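Comments concern the structure below.
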Amino acid sequence: SVAWSLFLYFVFKNYTIIGLFTSLVVLISIALAYLVGKWTDTLSKDKIEKLGAGIISASWFTRAFLQHPVFMFLLDSVYKVFFSCFLIPFRAIAYKHALEDNINRYVVFREIGYAIGNIVALLCFVLIVYLGFPLWYTFILGALFALVPMIISEKKYV
């Protein structure tokens with residue numbers, strides 16, 4: 001998200017246009033999120049989470065190569081809609097597990113995972129900038145990080 005904000009500034013170089021762009025993306029995302037929400041009511045939480053993660057990853061990967069403002073608008077709208085599709089079932093599954101297990105231990109474990117993920121992502125971002133690579137390389141990293149929930153499988157320990 002840090003790289004995306006900087007990238008928008010480098011493309012538009014005008015705060016008013018960035019604000020207009022972001023406002024339009026949010027309005028489109030709200031309308032699409034309602035429709036996608038109705039559709040996802042028919043699927044399981046696991047399928048929605050994996051679908052959302054796949055589409056989020058694809059949107060980040062595509063941002064690295066389609067850097068025209070029209071594509072940026074469309075891809076950011078898709079990202080915002082499917083991020084909700086990913087996040088809502090992800091949280092529902094997490095809360096269900098927290099209630100079934102030791103809530104405190106589960107929440108601490110989950111927050112530590114978030115913190116480690118944030119640290120790794122920011123270190124990768126700093127490394128990319130420090131080495132002088134183009135900013136859009138971070139979009140490819142975002143695409144790879146978005147695939148992590150599809151790789152991790154739930155295991156029951158007795």
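We number each residue from 1, following the sequence as shown. All values below were derived from every heavy atom in this structure, side-chain atoms included, with hydrogens, water molecules and symmetry-related copies excluded. Note that the structure is a prediction, hence the values are computed from the model and not measured.
In this view, Phe65 and Phe61, Trp136 satisfy the ring-ring contact (aromatic ring centres under 6.0 Å, His included) rule, not counting sequence neighbours. For the side chain to side chain contact (heavy atoms under 4.5 Å, CB included) test, residues two or more places apart in sequence or in another chain that qualify with Ile119 are Leu123.
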Requested in this report: Determine, stepwise, if the pair Ser57 / Phe145 fulfils side chain to side chain contact (heavy atoms under 4.5 Å, CB included).
Outcome: CA-CA 8 Å; Ser57 177; Phe145 284 141; over 6 Å; no
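One distance of note links CZ of Phe133 with OG1 of Thr138; it measures 12.5 Å at 0.5 Å rounding. Distance CG/Leu127 to CG/Leu122: 12.5 Å, rounded to 0.5 Å. Put simply, CG on Leu131 and OH on Tyr137 are 11.0 Å apart, with the number rounded to the nearest 0.5 Å. For the atom pair CG of Leu144 and SG of Cys124, the computed distance is 9.5 Å after rounding to the nearest 0.5 Å.
Considering every non-hydrogen atom in both Asp76 and Arg63, the closest pair reads OD1-NH2, 3.2 Å. For Ile128 against Pro134, the heavy-atom pair with the smallest separation is CG2-O, 3.8 Å.
A donor-acceptor pair is defined here as one N or O able to donate and one able to accept, closer than 3.5 Å; such a pair exists between the side chain of Ser59 and the backbone of Ile56.
In the hydrophobic cluster analysis, where Ile, Leu, Val, Met, Phe, Trp and Tyr join through side-chain heavy atoms closer than 4.5 angstrom, Tyr79 is grouped apart from Leu27.
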